[in-house]
Amino acid sequence: MSENLTFRFNVEGDDFTSAGQASVQVKKNLRQLGLDSEIIRRVSIAMYEGEINMVIHAGGGTAEVNVCEDYIEIILEDHGPGIKDIEQAMQAGYSTAPDSIRSLGFGAGMGLPNMKKNSDTMTVESTVGVGTRIVMRIMYKEGCV
Amino acid sequence: MKISRMQELLDAKVLCCEENLGKHVYSAFGCDLMSDVLAYVTDQAVLLTGLVNPQVIRTALMMDMVCIVFVRSKVPSDEMLALAKENGIVMMSTNKTLYNTCGLLYSNGLVGTSEVTK
Ligand SMILES: Nc1ncnc2c1ncn2[C@@H]1O[C@H](COP(=O)(O)OP(=O)(O)OP(=O)(O)O)[C@@H](O)[C@H]1O
Ligand SMILES: [Mg+2]
């Protein structure tokens, strides 16, 4: 595979019912490509958590998935409020989600740590008042970063 | 445990994907918090929940779960049914509570997802 395959999505921020649709589509596309199911699962979890975050914390954003030779790359970008203290946000259990989000089944502060757990590399860049950009890579095999 | 056996034990109504009742689940996870499902479910499992929204189905789909049981007689929307159907996820509804649902399945040999390690 020399040419990278790219999928792009707009993630709407005003409608929680549609949150997660891009991840469902990516999972479908990756299955069609016949990729290993464990890789697909890790990509699915990492992207879904990130997509839900963009909807509940940032008013939506964009998602890009690049299927490369050695890894799958997920790029999530939003123009939301940004994250003041990234280290704190990465802690399991830290959440600023309101009760209304909790009653929908989210807001336990597990998303970012789960994204880290399911990816081989993850970078979070965020500026308060500007937005957040998260890049995750999931390798097909260990050690080919 | 075979999904059909779960259906019998819970006296549950099958809502879609009847053709997959012969599939097996190897563990179960019961909660209304999708954050936890995403963080802890590890294998071909059944989700037992009283939460009803499209994210329940999407979460199950992301986790490769094969069956969802709605407790307390909750019923999913048409949109949820369509998504589950498209992906072969069996959905059932039981009038039992979450606690009793878990208890019945556990005492009949279906274990939970492994312990959480910090
Ligand atoms: N895209 C984002 N823009 C702004 N803030 C964010 C974004 N993503 C995460 N955060 C902040 O980081 C916190 C932790 O995120 P994390 O995904 O770990 O938990 P959560 O979304 O609150 O709950 P859960 O993921 O368990 O449903 C959030 O509560 C929020 O304050
Ligand atoms: Mg989150």
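Chain letters run A, B, ... following the sequence lines, proteins first and then strands; every chain starts at 1.
- Per-residue heavy-atom pair counts under 4.5 Å with chain A were compared for B:Val56, B:Leu61, B:Leu38, B:Leu51, and the maximum is reached by B:Leu38.
- Contacts between B:Asn53 and chain A at a heavy-atom distance below 4.5 Å involve the side chain alone, from C-beta outward.
- Residues B:Ser73 and B:Asn95 have side chains that never bring a donor and an acceptor to within less than 3.5 angstrom of each other.
- Judged as a side-chain hydrogen bond (donor to acceptor under 3.5 Å, both in side chains), and not counting sequence neighbours, B:Glu18 has no contacts.
- A:Tyr48 and A:Leu35 fall within the same hydrophobic cluster, defined by Ile, Leu, Val, Met, Phe, Trp and Tyr side-chain heavy atoms under 4.5 Å apart, directly or through other members.
- Contact annotation for residues 97-111 of chain A against chain B (heavy-atom separation below 4.5 Å, listed by residue number): A:Ser103, A:Leu104, A:Gly105, A:Phe106, A:Gly107, A:Ala108, A:Met110.
- Interface remark: B:Thr49 contributes no atoms to any contact with chain A (heavy atom separation under 4.5 Å).
- Residues forming a salt bridge (Lys or Arg N to Asp or Glu O under 4.0 Å) with A:Glu12 (at least two apart in sequence, or on another chain): none.
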Exercise. Hey, mind stepping through A:Lys117 and A:Glu49 against salt bridge (charged side-chain N to carboxylate O under 4.0 Å, His left out) and telling me if it holds?
Worked result: CA-CA 12 Å; A:Lys117 189 177 97 187; A:Glu49 292 276 19; over 6 Å; no
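- Neither the backbone nor the side chain of A:Arg42 has a heavy atom closer than 4.5 Å to any heavy atom of chain B.
- Under the 4.5 angstrom side-chain criterion for Ile, Leu, Val, Met, Phe, Trp and Tyr, the cluster partners of B:Leu9 are B:Met1, B:Ile3, B:Met6, B:Leu10, B:Val14, B:Leu21, B:Val25, B:Val46, B:Leu48, B:Val66, B:Val69, B:Val71, B:Val90, B:Met92, B:Leu98, B:Leu104, B:Leu105, B:Leu110.
- For the pair A:Met136 and A:Leu76, the minimum side-chain heavy-atom distance is below 4.5 Å.
- Taking CZ from A:Arg133 and OG1 from A:Thr127, the interatomic distance works out to 12.0 Å, rounded to the nearest 0.5 Å.
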